[in-house]
Amino acid sequence: MLSGINFYICTSFMSVFVVDDHPLMREAVATLVHRLTPGTPVIELENVAAIAQAVEGHGAPVLICMDLKLPDTEGLPSLRELKRYCPDVPVVVLTSLSAVDYEDLALQAGAVAYIEKSAASTQVMDVLQTFLNLEQEVKAPVSVQKLSKRQKQLLHLLDKGQSNRDIAESLQISEHTVKVHLWRMFRRLNVKSRSQASHLARTQGLL
């Protein structure tokens with residue numbers, strides 16, 4: 001379905017793809033994106049198959065926001081396939097499927113965040129803002145020494161082997177916020193795992 005697509009193309013349009021078969025939901029997400037980043041093109045798509053043509057016409061997006069319940073998708077398998085072809089594009093799942101049943105599976109499949117459609121618009125905006133701002137943040141290489149105070153706290157807790165739940169309790173934040181912070185830090189350090197982040201911090205004398 002997505003084979004042969006080059007998702008590594010850089011685009012000056014910095015578009016956002018919203019994949020949902022409900023027009024009102026696509027419009028709502030587009031409105032939130034425009035509040036956060038006025039002028040950002042939002043490409044509204046009804047199904048996963050339409051992503052191929054969208055990439056050809058607009059280039060690779062900086063963010064994909066997709067439902068798991070679409071006419072042409074089985075949900076998680078399509079998410080995995082999408083991430084194989086666009087590993088560098090963050091995918092936020094916005095769906096009516098219960099987070100209790102699907103959140104962990106979606107994150108394992110490559111999503112960077114999982115939001116239920118029943119969530120408040122402020123929560124959706126908070127997640128979108130995190131990943132819309134990331135593109136500008138990662139343009140210049142960042143030394144471990146220049147990490148934020150919060151990111152250095154995360155490194156210390158990771159080095160202690162703490163789980164996301166442990167970190168959330170230690171920092172008095174939600175597990176979801178921990179996941180977002182970790183994803184941003186991994187991208188900022190150009191690492192893909194907790195062990196790589198800890199190793200980099202140790203080699204640079206932070207730990």
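Quantities reported herein were computed from a predicted structural model and do not represent experimental measurements. Throughout, numbering of the chain's residues begins at 1 and tracks the sequence.
Annotation: the span from Arg84 atom CZ to Glu81 atom CD amounts to 5.5 Å, rounded to 0.5 Å. The CG atom of Leu97 lies 5.5 Å from the OH atom of Tyr102; values are rounded to the nearest 0.5 Å. Atom NE2 in His156 sits 10.5 Å away from atom OG in Ser198 (nearest 0.5 Å). Taking CG from Asp67 and CZ from Arg26, the interatomic distance works out to 11.0 Å, rounded to the nearest 0.5 Å. Of the inter-residue distances, the one linking His181 atom NE2 with Ile167 atom CD1 reads 10.5 Å to the nearest 0.5 angstrom.
Of the possible polar contacts, none joining the His34 side chain to the Gly39 backbone as a donor-acceptor pair under 3.5 Å is found. Under a 3.5 Å cut-off, the side chain of Lys83 and the backbone N or O of Val89 do form a donor-acceptor pair. In terms of modelled atom types and a separation under 3.5 Å, the side chain of Glu116 and the main chain of Ala99 share a donor-acceptor contact.
Residues satisfying the side-chain hydrogen bond (donor to acceptor under 3.5 Å, both in side chains) criterion with Asp20, sequence neighbours excluded, are Lys117. Every side-chain hydrogen bond (donor to acceptor under 3.5 Å, both in side chains) that Asn164 has, sequence neighbours left out, goes to Arg194. Residues passing the side-chain hydrogen bond (donor to acceptor under 3.5 Å, both in side chains) test with Arg35, sequence neighbours excluded: none.
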Could you check Asn47 against Asp21 for side-chain contact (heavy atoms from CB on, under 4.5 Å), going step by step and ending with a plain yes or no?
CA-CA 6 Å; Asn47 50 54; Asp21 60 332; over 6 Å; no
Take Glu27 and Leu24 through the side-chain contact (heavy atoms from CB on, under 4.5 Å) test and state the conclusion after the steps.
CA-CA 5 Å; Glu27 183 179 346; Leu24 288 178; 4.2 Å; yes
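Under the 4.5 Å side-chain criterion, counting only non-hydrogen atoms from C-beta, Pro90 is in contact with Leu63. A heavy-atom distance below 4.5 Å is found between the side chains of Leu171 and Arg150.
The minimum heavy-atom distance linking Ala106 with Leu79 is given by the pair O-CD2, 3.6 Å.
Each of Val92, Thr95, Leu82 was compared with Met66 under the side chain to side chain contact (heavy atoms under 4.5 Å, CB included) criterion, and only Leu82 meets it.
By the criterion of side-chain heavy atoms lying less than 4.5 angstrom apart, applied directly or through intervening Ile, Leu, Val, Met, Phe, Trp or Tyr residues, Leu158 is not grouped with Leu107; the two fall into different hydrophobic clusters.
Heavy atoms of other residues, nucleotides or ligands lying less than 6.0 angstrom from OH of Tyr114 number more than 12.
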